[in-house]
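Working notes, structure below.
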Amino acid sequence: MDFILLIIAFRYLQTHEQTKQVYPEWQKFFFKCLVAAIILLVIQLTFHSLRGFLTWVSHAASLYIVYAAYNQKVFAPLKHFVYAVFPLILIYILQNFTELVAPDFYESYEAWFKTAQLFTWIWLVAQFIINRKQRKALEIERIKAAQQELQFKQSQKLKDALEIQVAERTAEITAQKEALEKTLHELKATQSQLIQSEKMASLGELTAGIAHEIQNPLNFVTNFSELNRELLGELKVELEKGDLDEIRLIVRDIEGNEEKIIHHGKRADAIVKGMLQHSRSSSGVKEPTDINELADEYLRLSYHGLRAKDKSFNASMETDFDEAIGTVNVVPQEMGRVILNLVNNAFYAVSEKKNQLAELGNSDLFNSYKPTVWLTTKRTSHGIEIRVKDNGTGMPDAVKEKIFQPFFTTKPTGLGTGLGLSLSYDIVKVHGGELTVTSHIGALENGEESWTEFLISL
């Protein structure tokens with residue numbers, strides 16, 4: 001029976017997964033022990049004279065396996081097998097030893113030994129069943145652990161892939177950010193150039209207006225200077241005659257002419273100073289300014305500027321200035337730009353209206369239309385108002401919503417930058433005021449009135 005247990009033990013060790021994986025070099029040794037146990041079992045069954053000797057050899061081998069299971073690491077997987085067979089080995093050794101030493105006692109209690117063997121066999125079977133269940137549970141746990149490890153490795157791979165994607169995406173976003181920053185820098189540079197172009201465009205219109213406006217005082221200065229030269233010639237003649245009364249009259253005329261020369265010279269000087277102020281970058285410093293005089297100045301400069309570009313252009317200018325306004329603290333160059341932009345747009349609107357009527361082909365409507373721009377100032381309980389109104393083409397609601405947006409323009413390509421009203425709106429805001437627009441569009445073919453009015457509230 002011990003050889004049968006040895007055969008089972010060596011076969012178990014040979015096929016055990018843990019010993020296969022951890023100690024593969026022991027597989028041949030276990031196989032040799034298995035073959036030896038089978039041979040000894042055959043010899044024991046064949047040669048009855050050797051049975052006693054071989055029985056004690058098998059007992060010694062069994063006890064060594066028990067000892068090795070507790071002391072040799074390679075036999076550690078055999079511990080639960082030892083727990084199951086140790087009682088059976090012990091009872092067989094005790095039975096054989098009793099039979100050898102005390103045969104009479106053994107014969108008397110042989111039934112007890114058989115009963116003990118039965119119980120040890122029951123214990124062995126029960127332990128094998130329990131061990132089988134435990135091994136199945138352990139195998140399930142091992143499979144779960146392997147699956148978890150596989151999942152962990154897969155998640156780690158996914159994490160690494162995600163980290164690579166995040167790094168790539170971060171690099172892409174960084175590149176896009178740098179590209180956007182570069183584009184923004186270029187847009188700001190372009191915007192600055194466009195703003196400067198708008199200022200230069202308004203300066204060009206202003207210069208053309210100044211060229212016409214300054215001609216009047218210069219003509220007066222020239223004419224009165226020529227008159228004074230003639231009067232001085234007459235004065236010399238009268239001095240030779242000694243006619244004091246005539247001399248006094250000539251001197252009085254010369255003095256009057258000099259006053260007019262001085263007046264128109266100052267007028268020309270004021271126009272030149274206005275042009276220089278407009279061309280210079282604004283200091284941003286507010287100073288007391290006569291709003292009525294500023295508005296009238298830029299109205300006339302705008303009109304003459306348009307006349308310089310288009311000799312056929314003509315429009316009426318109606319002004320209504322409230323004398324109660326007096327001086328107001330503003331930046332004159334900036335506020336002058338606002339008025340110039342609004343008046344330019346008003347003149348452009350009435351000019352477009354006249355062109356539309358000409359294209360319509362109705363001579364009655366064309367002849368009855370009188371292009372007019374109104375410029376009014378008024379002091380209110382909240383401050384002052386500057387209104388620029390025209391009877392031009394009018395403005396639809398869709399345009400009114402966008403009219404103060406940068407780069408939005410209703411003019412054909414090349415005639416406007418779309419920055420004039422945007423800059424005007426910002427300038428008025430900086431002055432603590434508000435720039436609004438109202439408009440109405442009438443049926444052109446029926447001769448209904450259309451108008452647009454910009455209101456500056458300060």
For this session: Determine whether more than 12 heavy atoms belonging to other residues, nucleotides or ligands lie under 6.0 Å from atom OH of Tyr425.
Result: no
Exercise. Is there a donor-acceptor contact under 3.5 Å linking the side chains of Tyr303 and Asn314?
Worked result: yes
Exercise. Counting distance only, does the side-chain N/O of Ser302 pair as donor-acceptor with the main-chain N or O of Tyr298 below 3.5 Å?
Worked result: no
Exercise. Taking it one step at a time, do Lys400 and Ser439 satisfy side chain to side chain contact (heavy atoms under 4.5 Å, CB included)?
Worked result: CA-CA 8 Å; Lys400 283 192 291 185; Ser439 186; 4.1 Å; yes
Seminar exercise, completed: Between the CG atom in Asn344 and the CG atom in Leu340, the distance rounded to the nearest 0.5 Å is 4.5 Å
For this session: Please lay out, stage by stage, how Thr289 and Met335 fare under the test side chain to side chain contact (heavy atoms under 4.5 Å, CB included).
Result: CA-CA 10 Å; Thr289 305; Met335 195 54 63; over 6 Å; no
Problem set entry | Considering all heavy atoms, the nearest Asp296-Phe321 contact | CB-CE1, 3.7 Å
For this session: Taking the side chain as every heavy atom from C-beta outward, state whether Glu385 and Leu455 have any atom pair closer than 4.5 Å.
Result: yes
Exercise. Between Asn292 (side chain) and Thr377 (backbone), is there a donor-acceptor pair under 3.5 Å?
Worked result: no
Problem set entry | Nearest-0.5 Å distance that lies between atom CG in Leu227 and atom CD in Glu258 | 11.0 Å
For this session: Begin from the C-alpha positions of Glu255 and Arg252 and carry the test salt bridge (Lys or Arg N to Asp or Glu O under 4.0 Å) through to its verdict.
Result: CA-CA 5 Å; Glu255 289 176 347; Arg252 191 183 303 115; over 6 Å; no
For this session: Could you check if a side-chain atom of Asp390 sits within less than 4.5 angstrom of a side-chain atom of Tyr348, using non-hydrogen atoms only?
Result: no
For this session: Could you walk me through whether Glu139 and Lys136 pass the side chain to side chain contact (heavy atoms under 4.5 Å, CB included) test, one step at a time?
Result: CA-CA 5 Å; Glu139 184 64 19; Lys136 286 185 177 180; 5.5 Å; no
For this session: With rounding to the nearest 0.5 Å, note down the distance linking CD1 in Ile247 to CD1 in Ile254.
Result: 10.5 Å
Exercise. About how many Å separate CZ of Phe224 and CD1 of Ile262, when rounded to the nearest 0.5 Å?
Worked result: 12.5 Å
Problem set entry | Side chain to side chain, Glu246 and Glu234, heavy atoms closer than 4.5 Å | no
Exercise. At what distance, to the nearest 0.5 angstrom, does CH2 of Trp451 lie from NZ of Lys389?
Worked result: 5.5 Å
Problem set entry | From CA spacing to verdict: side chain to side chain contact (heavy atoms under 4.5 Å, CB included), Leu342, Ile456 | CA-CA 10 Å; Leu342 297 182; Ile456 303 172; 3.6 Å; yes
